[in-house]
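Below: the structure, in structure tokens.
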Amino acid sequence: MEDRVQHFADLGTMAQEGAQLSVKYLEVEAYMNDLVMAARPRAAAPYLGMVMLNGSRWLVWEFAGKDTLEDVLVRCDDAGSLKPLAEALWYKDYDETDPTCFHKVVNLLARNLVACVVMMAEAG
């Protein structure tokens, strides 16, 4: 890691400061993930820790599914429908023509997001 910082130092002061900030950011993110996993492990995908690979530090999480919320929302945009979101929330009876289904999908998403935020807040 120090080699990378030195590389940026050779490029100039701004680059050096940026490299040092990125190292600090990575360390803070690793620390925060450790705290969350200790206090509220169900609040996020299981964090496995930091590893060195080919001279670079990487944060590693357990595979918890192939999709992010963004992936699902892009599929909704492509389909012109909230059906992909409903399916991701395990709402199998979603009917595009029923306005109550729309409200239920929005409420399910909000409930899940708020539950994660609460768990994160409780973790400190």
Worksheet entry | All side-chain contact (heavy atoms from CB on, under 4.5 Å) counterparts of R111, not counting sequence neighbours |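 side-chain contact (heavy atoms from CB on, under 4.5 Å) list for R111, sorted by chain: N107, L108.
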Worksheet item: When you check the side-chain N and O atoms of S56 and N54, is any donor under 3.5 Å from an acceptor?
Response: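 On atom types as modelled, these side chains do not qualify, holding no pair under 3.5 Å.
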Worksheet item: Are any of the side-chain heavy atoms of K104 and D93 separated by less than 4.5 Å?
Response: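 When only atoms from C-beta onward are counted, D93 and K104 do not touch, as no gap falls below 4.5 Å.
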Discussion item. Listing request: all ring-ring contact (aromatic ring centres under 6.0 Å, His included) pairs with a residue in residues 52-106, at least two apart in sequence or in separate chains.
Written reply: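 As it turns out, the ring-ring contact (aromatic ring centres under 6.0 Å, His included) pairs with a partner in residues 52-106, which skip direct neighbours, are Y47-W61.
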Worksheet item: Is there a donor-acceptor pair under 3.5 Å between the side chain of D77 and the backbone N or O of V74?
Response: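 No; judged by distance alone, with no hydrogens or angles, the pair does not exist.
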Do [X] and [Y] sit in the same hydrophobic cluster, where Ile, Leu, Val, Met, Phe, Trp and Tyr count as joined when their side-chain heavy atoms come under 4.5 Å apart?
{"X": "V118", "Y": "L109", "result": "no"}
{"X": "L89", "Y": "L113", "result": "yes"}
{"X": "L69", "Y": "V117", "result": "no"}
{"X": "Y31", "Y": "L48", "result": "no"}
{"X": "Y25", "Y": "V23", "result": "no"}

Determine the minimum heavy-atom distance between [X] and [Y], stating which atoms define it.
{"X": "V72", "Y": "L85", "result": "CG1-CA, 3.6 Å"}
{"X": "D71", "Y": "K66", "result": "OD2-O, 3.7 Å"}
{"X": "M50", "Y": "R57", "result": "SD-CD, 3.3 Å"}

Reported [atom1]-to-[atom2] distance for the pair [X] and [Y], which is rounded to 0.5 angstrom:
{"X": "E70", "Y": "R75", "atom1": "CD", "atom2": "CZ", "answer": "11.5 Å"}
{"X": "E62", "Y": "M37", "atom1": "CD", "atom2": "CE", "answer": "9.5 Å"}
{"X": "K83", "Y": "C101", "atom1": "NZ", "atom2": "SG", "answer": "9.5 Å"}
{"X": "E87", "Y": "C76", "atom1": "CD", "atom2": "SG", "answer": "9.0 Å"}

